[in-house]
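Only a predicted model underlies this, so the values are computations on that prediction, with no experimental measurement involved.
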Amino acid sequence: MDQVTVAFLLARQGCLEGTHVAMSYQEWFQRMFGDGSRSLTNTRKAFTVLMRFLTELVPFEWTAHLKVHILRPPFVPPKCRELLTDYIMLAKTRLADLKDPIDLTGDREDGDKRKILEQTERDVQLALSTFEGTNKIPSSVMEASIFRKPYFIGRFVPALLKPRPLPDVRDGRMKFIDTLKRVEKIPTNLYTVYVTACRQEAAKLLQGVFPEDEEDDITDMTMDPLEQLEHRLGQLIDTLTLGPASQCYNLKEPELMSIIREKMSVTLDEESNQSPQRTVVTVNAHSPQLSLIHVKVVDLLLNVICKVTSHSLQTDQPDLTWASNLVSVIGEFPSLHKALYTRVWKIVNETGSKLEEHHIQGIAMTMCQMCVHGDRFGEACIQVCGGVSLTDTLSRLVWSRGSIRSAQCMQFMLRLTTAYLQCVFSCLDGTQLASLKDSVIPRPLVTLFVFLCCRLLPQIRNHQNPRGSGEFRLTHLIYRSKKFTECCQHIQLTFKEWVTMEMTVCPDLDLLSFHERREYHCWCMYQKFSCSVPRTEGQKLNTGCLDVREACSVLMEALLTESFRHTSKSTVSCGQCHHDNRTGADHGGRADFVHLLQEIVTKLPSTGSEEDCGSPWLLQQLLKALQQHGSDSLGTEAILHHFIRLAMCLPAHLFYCDNVHKLTDSGLSITSCDVINTNLKHGLCHGSHFPLSVTQYLVQGMADCARYTDVSKVLMEAPILSISTLVHVQHVASVMEGMQTDHQQDISFLLTVQWLEEYLSGQREPPHNEATPWMVAAAAVSLALTSEEVPQDLLTDISCAGDKSSNDTLAVYCHLVLAELTTAHMCNSDTKKQCLQESCWHVLQLCPSVLTTIVHPTEDHLIYTSAVAQRTEHLTLLRLLCELETFHVLNISHGLDCVVTLFGSVVRMFDQGQTLDGPGCETSEIFSIQEILDLAEFVKQCIKLSTIEQLNDIECKDNIKMCGADIYMSFKQQMSMMR
């Protein structure tokens with residue numbers, strides 16, 4: 001009952017505001033309850049509630065409402081007449097008590113209305129005469145507008161705004177109306193209706209006096225150019241939609257097109273060009289900077305196309321020549337193209353999911369006719385963001401760059417492609433379609449349409465209900481139509497295109513659930529693209545089938561490209577376009593395709609094609625990615641990081657072979673060692689070793705292969721991997737146990753690992769005799785990094801041997817320590833830095849001759865560190881020497897010569913502008929002049945404290961000249977003083 005009370009209260013309040021706001025109470029009551037077909041109380045229960053409510057309201061009811069209930073009673077359901085009779089008797093009794101009987105009202109109703117209208121007209125005339133005398137709004141009118149608003153708005157203003165042909169010279173009534181309008185006493189909607197009605201009255205007055213063409217010209221004289229264009233476009237809509245029923249039916253469509261061309265020329269202040277030159281139209285998607293008049297004209301034209309297209313496509317054989325003619329006219333005004341392209345692009349990419357069907361059909365028709373009249377519309381250059389521009393025809397850009405990241409976006413794009421194909425097949429006959437097929441039905445359109453049909457319409461995947469049903473019934477019909485098949489039979493959705501589009505879908509915004517999406521992916525993989533493995537080696541698959549190796553390559557390449565694109569500086573990303581319309585900013589579909597790749601790599605055949613040269617499939621993908629994207633060192637490092645992250649999601653043996661069961665005793669592919677030594681070492685190496693995660697992955701792959709073949713070859717030919725294993729031995733020891741099989745021909749490294757584990761546990765035994773110098777050096781570095789103490793005992797034992805092997809071991813150890821110090825310096829990390837410096841000083845004290853070996857290294861010593869460490873080793877060593885006492889440095893054999901050689905190398909690096917950048921660095925440091933000056937002071941100090949023998953030792957060499965003029969002059973002065 002409370003809801004009924006509120007409803008009647010609101011309705012009556014609205015009715016009291018006047019007819020310009022709401023209908024009268026009598027009309028409202030009759031509309032709600034009077035008609036049996038739509039009455040709200042056409043059931044016995046509802047009618048009983050209404051009668052009980054009105055009955056309880058009778059003691060408080062206004063007489064006018066009681067009379068409405070009696071004279072316009074509600075519809076009475078069966079067996080409810082008695083309830084209405086009781087209420088009418090009660091209402092009449094109440095009216096009699098109030099001395100306002102119902103009988104008088106019916107007889108006087110028409111007379112009262114006439115009297116009211118006459119009285120209102122007299123009030124208007126009195127107000128006009130008063131205004132003409134004083135030129136001010138009468139006080140009675142102002143009081144009525146405030147205190148008698150229902151009367152003022154419902155009676156006085158309508159009587160004042162009675163339509164009439166307006167005189168050329170403003171009379172008193174027009175001035176009075178304008179004055180009331182200025183003080184906001186006349187509602188805007190009533191005034192607008194009044195002006196329009198006055199124009200219609202003027203047109204009626206002239207009707208039949210002049211020919212209709214002249215009448216239109218007279219009407220145009222009362223409008224500005226834009227209104228004239230809007231008027232003529234309205235006539236075009238009437239002519240095309242109403243036909244003979246149109247008021248302007250005597251103007252044919254070609255005549256209207258000519259008039260519209262003239263009106264556009266006047267509005268734009270531009271002459272039409274029948275043969276415009278095709279130019280590239282630049283569109284800024286976020287800051288269009290368009291002329292307001294161009295935007296208004298384009299909006300008018302698009303509205304016309306939307307309305308007439310929707311009407312035309314409702315017929316079986318629509319006549320769409322008007323669309324070709326109208327878009328052709330638009331093409332004659334190049335100044336409109338920028339506004340047109342911008343409007344279409346923003347509608348499709350920003351408000352597409354909110355468009356109604358006739359809007360979508362209009363946009364589709366516009367793009368279709370722009371393709372047909374391609375000689376008049378140039379390419380579009382869409383400037384999205386991040387400095388990226390997309391150049392192609394507008395329709396191709398829409399099909400290739402339209403967003404499909406969410407369910408709403410995909411549904412909109414499917415509706416748009418469906419409407420576009422409908423327009424194409426309705427506008428063009430077979431001959432026209434054959435000549436314009438490549439332009440009006442481009443490949444991006446077909447692939448997008450097929451992709452969306454297969455994804456959103458399960459009936460197409462399951463071959464059910466070939467005619468389709470529901471919202472996308474027309475889509476079904478077009479997809480299975482003979483015309484679409486004939487036009488697009490040469491265009492097939494490839495697996496790579498499917499992966500690229502599917503990867504842009506964000507799972508959180510997808511229409512499919514996780515299990516439905518998984519089922520759809522499997523259907524595409526194994527049914528649509530027929531992914532399979534040849535039954536016998538060397539056998540070729542049937543035409544149209546997708547080889548597993550090819551499928552894995554496509555997935556890997558797509559995942560790598562997607563990961564690299566999101567972190568590269570050229571990524572298209574901003575808040576307004578989601579990163580890129582075609583890409584989910586949150587790596588939406590990446591996880592699904594990683595799972596799919598994990599599944600199908602297990603089916604890789606043991607060998608590839610002849611051009612693969614027996615290389616593992618995974619390494620072929622890495623080399624291919626480096627060739628495509630690794631144009632510089634930074635690009636190479638980025639690719640390697642993304643590759644190794646993705647490779648870690650796959651079985652580890654893929655780094656060495658495709659199938660471990662097909663391995664032979666000949667060992668693993670040499671390609672794996674080459675990639676480790678050439679690519680991984682210089683892109684992922686942290687100083688002298690790989691990160692723990694990379695080491696674990698590579699060691700796990702070897703352990704998987706060790707059960708079937710000899711992997712010791714990799715350990716010996718890729719020392720950086722062996723060094724990394726020794727550095728991280730505590731973490732990979734359990735994995736290394738799986739490599740101790742009968743297939744291993746060289747167990748020296750495994751013995752070194754075993755000795756290092758024992759040494760860390762407290763058993764201070766010397767290294768075994770089979771350990772090579774670099775293995776022992778790597779083990780010593782592992783001890784320094786693990787225990788954070790200088791392995792003095794071990795280093796002392798090594799130096800006591802005094803043979804070439806011990807010197808090589810100490811030299812390699814210093815190279816590895818300097819590499820670790822280089823990485824620590826570039827990454828601004830002080831972790832274990834002090835320990836490493838002390839260990840290097842300790843070696844120089846034990847064996848001073850090692851300094852010369854480090855300054856003039858052999859090629860054998862340089863294979864154990866990364867390119868960054870090698871390039872900056874002299875700088876790191878010179879920094880280390882600067883922290884020692886000068887006399888300690890000079891006491892080393894050839895110490896001054898080494899310092900001069902190191903500084904000359906540093907100066908040469910500074911002159912060449914080399915940077916100290918590398919993997920894991922927080923910054924890319926460039927040598928500062930201040931650091932060069934500090935190092936120069938150290939060199940001068942060494943020269944100053946040197947003996948004549950040491951100075952003579954470097955005089956005969958060119959190294960001193962490489963240190964710069966300042967150092968050379970200091971050297972000459974010192975030489976002259978000593979002599």
Side-chain angles (χ1 to χ4, degrees), residues 811 814-815 817-819 821-826 833 836-837 840-841 843-845 848-858 861-862 865 867-918 925-978:
C814 288
H815 282 297
V817 168
L818 290 175
L821 288 173
T822 298
T823 302
H825 181 78
M826 288 190 297
K833 188 175 180 180
L836 293 172
Q837 289 177 340
C840 195
W841 292 335
V843 170
L844 293 178
Q845 292 173 356
S849 62
V850 171
L851 179 60
T852 304
T853 307
I854 300 174
V855 176
H856 304 285
T858 63
H861 293 169
L862 294 178
T865 56
V868 175
Q870 296 171 17
R871 191 169 69 246
T872 58
E873 186 177 70
H874 283 183
L875 174 62
T876 305
L877 181 56
L878 190 58
R879 285 169 174 165
L880 182 65
L881 294 178
C882 281
E883 298 183 15
L884 291 175
E885 295 292 340
T886 307
F887 68 89
H888 287 317
V889 177
L890 297 177
N891 287 336
I892 300 174
S893 177
H894 302 290
L896 180 61
D897 178 52
C898 292
V899 169
V900 171
T901 302
L902 293 174
F903 186 73
S905 176
V906 170
V907 171
R908 185 165 55 254
M909 291 176 61
F910 180 79
D911 292 340
Q912 294 175 355
Q914 295 188 32
T915 60
L916 302 182
D917 48 11
E925 178 186 347
I926 301 178
F927 294 119
S928 65
I929 296 179
Q930 184 60 45
E931 185 173 16
I932 293 293
L933 294 176
D934 293 340
L935 294 175
E937 289 298 323
F938 170 71
V939 177
K940 290 179 183 179
Q941 187 69 17
C942 290
I943 293 174
K944 183 178 180 181
L945 299 178
S946 297
T947 64
I948 187 64
E949 291 79 7
Q950 292 172 326
L951 294 176
N952 289 331
D953 185 40
I954 65 172
E955 184 180 16
C956 61
K957 301 179 181 179
D958 294 332
N959 293 343
I960 189 65
K961 297 180 181 180
M962 300 298 296
C963 297
D966 188 28
I967 300 294
Y968 188 68
M969 290 299 297
S970 299
F971 169 74
K972 285 295 186 181
Q973 292 176 3
Q974 187 66 24
M975 285 289 292
S976 62
M977 290 175 57
M978 297 291 291

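E937 CD to C942 SG: the interatomic distance, rounded to the nearest 0.5 Å, is 11.5 Å. Considering CD of Q973 and NZ of K944, their distance stands at 11.0 Å, rounded to 0.5 Å. Interatomic distance, CG of L875 versus CG of L821, reported as 11.5 Å (0.5 Å rounding).
At a threshold of 4.5 Å between non-hydrogen side-chain atoms, the residues D897 and T852 do not count as touching. Counting heavy atoms from C-beta on, the side chains of H856 and T901 come closer than 4.5 Å. Contact of the L877 side chain with the L851 side chain is registered, since non-hydrogen atoms from C-beta on lie closer than 4.5 Å.
Checked against side-chain contact (heavy atoms from CB on, under 4.5 Å), V907 has the following partners two or more places apart in sequence or in another chain: F903, D911. By the side-chain contact (heavy atoms from CB on, under 4.5 Å) test, C814 pairs with C840, V843, V850, I854, sequence neighbours left out.
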Donor-acceptor list for residues 963-971 side chains, cut-off 3.5 Å, not counting sequence neighbours:
residue	atom	partner	partner atom	Å
D966	OD1	K940	NZ	3.4
D966	OD2	K940	NZ	2.4
Y968	OH	K972	NZ	3.4
S970	OG	D966	O	3.1

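Of all heavy-atom pairs spanning I948 and M975, the tightest one is CD1-SD, 4.2 Å. What you find for L880 and W841 is that their closest heavy atoms are CD1-NE1, 3.0 Å. Considering every non-hydrogen atom in both H874 and V855, the closest pair reads NE2-O, 3.4 Å. For the pair H815 and T853, the tightest heavy-atom approach, listed with the atom from each and the gap, is NE2-O, 4.4 Å. Heavy-atom minimum distance, L818 versus T876: O-CG2, 3.8 Å. Here the closest heavy-atom approach between residue Q974 and residue I943 is recorded as CG-O, 3.4 Å.
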